[in-house]
Amino acid sequence: MQLFIEETYEDMSRRAADLIAAQLIVDPASTLGLATGSTPIGLYADLVEDFQADRISFEQVTTFNLDEYRGLSPEHDQSYRYFMQKNLFDHVDIDPEATSVPDGANPDAQAACESYEQAISEAGGIDLQLLGLGHNGHIGFNEPCDHFPVRTHEVALTESTRRANARFFAGEDEVPTAAYTMGVGTVMAARRVLMIVTGADKADILHRAFCGPVTPWVPASILQFHPDVTLICDEAAWSGMKA
Ligand code: F6R
């Protein structure tokens, strides 16, 4: 594993943006796996800045997002599609047709998930997968459970995840109860994985993910088996590793 411990959130974001920019310079037609949440907001802002400064282009890039709430349309301001438009896609030269987010508006879970998995495979797989880390160790919406779900699937969100995400909705009751997410196997098939982690509140789970046993009860722990993982965190998140 490659490790970068940065002093601040801003430094972490810049380091991660540099790594993605380098990927696009080496292979302008890269396929990126993308994440939502609070953690990558700074990184996306930095990539927009790099694009505006003519350092990178997304013209030939293809993207697949990790997950989407089931039942939210792309126009819903808490959908992950909306998040991606506002934080990245609307500000760069990416072909809208080359951006994919699981279709949360499709009530047919099996069709939505199978076609997503197929699209990833037709694109030749993911070159670089960006991940955040959930407080309970989830990656994408792969919640702790007794096995590692392999492919894109529907998942019931745990109470802790719904509570954590309630801050973005009018109340906890408004948070969808299910999502479509890439499976752990889909993530593990990416050629490179980039995880970014920030804040003291993630210190304990970061330690469990990379220093504890590999277990589906901490889904991110599977990354210990991935041959090409880069972890970029700030010092606050790293503080649990020194314990
Ligand atoms: C979102 C996603 C989630 C988040 C995780 C951390 O697409 O895949 O696994 O990465 O919930 O979220 P934040 O960054 O808000 O702490």
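Numbering of ligands and ligand atoms starts at 1, following listing order. From a predicted model like this one, the values you see are computed outputs, not experimental measurements. Values below: every heavy atom of this structure, side chains too, minus hydrogens, waters and symmetry copies.
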Note: heavy atom closest to atom 3 (C) of ligand 1, options Gly140, Gly134, Ala164, belongs to Gly140
Note: ligand 1 atoms sitting under 4.0 Å from heavy atoms of Gly132 are 10 (O)
protein heavy-atom neighbour closest to atom 15 (O) of ligand 1 works out as Ser38 N, 2.8 Å
protein heavy-atom neighbour closest to atom 12 (O) of ligand 1 works out as Gly37 CA, 4.3 Å
If you scan protein heavy atoms around atom 1 (C) of ligand 1, the nearest is Thr36 OG1, 3.1 Å
The closest protein heavy-atom partner of atom 5 (C) of ligand 1 is His138 NE2, 3.4 Å
CE of Met182 to CD1 of Ile126, rounded to nearest 0.5 Å, is 3.5 Å
Tyr80 N/O to ligand 1 N/O under 3.5 Å
no
The protein heavy atom nearest to atom 16 (O) of ligand 1 is Lys202 NZ, 2.8 Å
shortest atom 6 (C) of ligand 1-to-protein heavy-atom contact is with Leu133 O, 3.5 Å
Might you confirm whether atom CG of Asp108 has over 12 heavy atoms from other residues, nucleotides or ligands at distances under 6.0 Å? yes
Answer with yes or no after comparing the ring centroid distance for Tyr116 and Phe64 against a 6.0 Å cut-off, counting only values under it. yes
Which of Val61, Leu128, Thr63, Asp127 passes side chain to side chain contact (heavy atoms under 4.5 Å, CB included) with Thr31? It is Asp127
Flag, side chain of Arg70 to backbone of Ala178, donor-acceptor distance under 3.5 Å: no
Q) Does an N or O anywhere in Pro40 fall below 3.5 Å from an N or O of ligand 1? A) no
Ring pair (Phe, Tyr, Trp, His ring centres under 6.0 Å) test vs Tyr69 passes for just one of Phe168, Tyr180, Phe141, namely Phe141
Original post:
So, Asp11 and Arg15, do they make that salt bridge, N to O below 4.0 Å?
Top reply: no
Residues His153 and Asn142: closest non-hydrogen pair is CE1-OD1, 3.0 Å
In ligand 1, the atoms that come under 4.0 Å of a heavy atom of Thr39 are 13 (P), 14 (O), 16 (O)
When rounded to the nearest 0.5 Å, the distance separating CG of Leu130 from OG1 of Thr36 is 9.5 Å
Closest to atom 7 (O) of ligand 1 by heavy-atom distance, out of Asp67, Leu66, Val101, is Asp67
Counting from 1 in the order shown, the ligand 1 atoms closer than 4.0 Å to a non-hydrogen atom of Arg167 are 15 (O)
